Amino acid sequence: MKLAFSTLGVPGMPVADVVRLAAGQGYQGVELRAHPEEPVHPGLGSAERAAVVEAFDRGGVEILTVAGYVKVAAAGEDEPVLAELAGLVELARDLGARYVRVFPGGGDQDPAESDAIAARRLGAAAPHAADLGVRILLETHDSHRGGADVARVVGTVGHGQIGALWDVMHTWLAGEEPVASHAVLAPHLGYVQVKDVASAEDTTPLALGAGVLPLRKCLDTLDQDGWVCWEYEKRWYPEAAGLPELLAAGREHLLRLGSPKQ
């Protein structure tokens, strides 16, 4: 198992510090939150992008994903969505990241309509992503929190550069068993985001293993050489404990849960 963490857990942390933290705590990769309030975002120029790449290369840490906020199923015109998505794909290419993360964001639209919008936009974005060697992953989230919901859209697109990102909290909130989520997502799966929370009503991030999410059951479904990313939502819960102090124990917990069963 290869481990990463999301910079959502260390909001605003400079790139050099993120690299040192990942390398020092034994994480092979990082999911970069691509937002204007963060050090890495689509507004960076070429020299700034090159400096980010150099910092990660020097530390021996992989940039796994550019985690964007495009809502591919949102109501409205396609062009602004596609333009934003193209910018994220180009940023990922320049940084050497494998993936771009997008959200559904279908809101209260009819599910069939939001599915069609998302599939149309992802299909339109797929050739550009293929040309740049980047895979776009639709996360189990908001209007499409179940694995079956995301698989329905990605399967409709039917393009290898369009895949799925399994956020285990959202499939759990959708009422799916991990084995069922994995079964529908597996043909499209890029990687898995893990986290832990106290309950469906209290989603303040906790140390891995301190909450109720079925992490062992989720990891039991995965290939041993896949990526697992800890998405600790410190940005949205400033009162939560700091992630840097939790990373070492979190790593050990994930490796223990994911070790082959005898």
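Just so we're clear, the structure is a prediction, and the values are computed from it rather than from any experiment.
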Ionic contact status for Arg256 with Glu252, cut-off 4.0 Å = no

Nearest 0.5 Å please: distance from the CD1 atom of Ile117 over to the CG atom of Leu122.
-> 11.5 Å

Can Glu176 and Thr171 be said to form a side chain to side chain donor-acceptor pair (under 3.5 Å), step by step?
-> CA-CA 6 Å; Glu176 283 183 345; Thr171 55; 4.8 Å; no

Could you check Tyr191 against Arg98 for side chain to side chain donor-acceptor pair (under 3.5 Å), going step by step and ending with a plain yes or no?
-> CA-CA 11 Å; Tyr191 65 99; Arg98 301 168 183 238; over 6 Å; no

List the atom of Val19, the atom of Ala55, and the distance in Å for their closest heavy-atom pair.
-> CG1-O, 3.5 Å

Kindly determine whether Leu138 and Leu165 satisfy side chain to side chain contact (heavy atoms under 4.5 Å, CB included), including the steps that lead there.
-> CA-CA 6 Å; Leu138 180 61; Leu165 173 52; over 6 Å; no

Do the side chains of Leu219 and Val228 get nearer than 4.5 Å, heavy atoms only?
-> yes

Given the rule in the ring pair (Phe, Tyr, Trp, His ring centres under 6.0 Å) test, do Tyr232 and Phe5 qualify, once you have shown the distances and angles that lead to the verdict?
-> CA-CA 8 Å; Tyr232 186 82; Phe5 65 84; over 10 Å; no

CD1 of Ile136 to CD1 of Ile162, rounded to nearest 0.5 Å, is 4.0 Å

Return the minimal non-hydrogen interatomic distance between Thr221 and Pro178, and the atom names on each side.
-> CG2-O, 4.2 Å

Pairing of Asp115 and Arg152 as salt bridge, 4.0 angstrom limit | yes

Looking at Val153 and Ala119, what are the two nearest heavy atoms and their distance?
-> CG1-N, 3.9 Å

For the residue pair His182 and Trp166, does the interplanar ring angle fall in the parallel (under 30°), tilted (30 to 60°) or perpendicular (over 60°) class?
-> tilted

Would you sort out whether Val100 and Arg135 count as a side chain to side chain contact (heavy atoms under 4.5 Å, CB included), showing the intermediate values?
-> CA-CA 6 Å; Val100 163; Arg135 196 168 186 221; over 6 Å; no

Ion pair check, Lys195 and Asp167, cut-off under 4.0 Å = yes

Transitively linked via ILVMFWY side-chain contacts under 4.5 Å: Trp230 with Val66?
-> yes

Taking the side chain as every heavy atom from C-beta outward, state whether Asp78 and Arg120 have any pair of such atoms under 4.5 Å apart.
-> yes

Taking side chain as C-beta onward, heavy atoms only, is Glu31 less than 4.5 Å from Glu231?
-> yes

Could Arg101 and Tyr99 be counted as a cation-pi pair, given that NZ or CZ must be under 6.0 Å from the ring centre and within 45° of the axis?
-> no

Parallel, tilted or perpendicular: ring planes of His170 versus His141, cut at 30 and 60 degrees = tilted

Residue pair Val53 / Leu95: nearest heavy atoms and the distance that separates them | CG2-CA, 3.6 Å

Nearest 0.5 Å, what's the CG-OG1 distance between Asp196 and Thr203?
-> 11.5 Å

In this structure, are over 12 heavy atoms from other groups packed under 6.0 Å from Lys217 atom NZ?
-> no

Evaluate side chain to side chain contact (heavy atoms under 4.5 Å, CB included) for Leu91 paired with Val89, printing each intermediate quantity in order.
-> CA-CA 5 Å; Leu91 177 62; Val89 168; over 6 Å; no

Does the side chain of Val30 come within less than 4.5 Å of Leu21's, by heavy atoms?
-> no

How far does CZ of Arg251 sit from CG of Leu246, to the nearest 0.5 angstrom?
-> 15.0 Å

Please check if atom CD in Glu77 has more than 12 non-hydrogen atoms from other residues, nucleotides or ligands closer than 6.0 Å.
-> no

Answer yes or no: are there more than 12 heavy-atom neighbours, outside Asp110 itself, under 6.0 Å from its atom CG?
-> yes

Do the non-hydrogen side-chain atoms of Pro214 and Trp172 ever get within less than 4.5 Å of each other?
-> yes

Measure across Glu139 and Val150 and return the closest heavy-atom pair with its distance rounded to 0.1 Å.
-> O-CG2, 3.7 Å

Can you find a heavy atom in the side chain of Val18 that is under 4.5 Å from one in the side chain of Phe56?
-> yes

Is there side-chain contact between Thr140 and Asp149, with at least one heavy-atom pair below 4.5 Å?
-> no

Between Arg235 and Glu37, does at least one N-O distance fall below 4.0 Å, as a salt bridge requires?
-> yes

Kindly give the heavy-atom pair with the smallest separation between Ser143 and Gly107, and that separation in Å.
-> CB-N, 3.9 Å

Roughly how far apart are Leu247 CG and Leu3 CG, rounded to 0.5 Å?
-> 10.5 Å

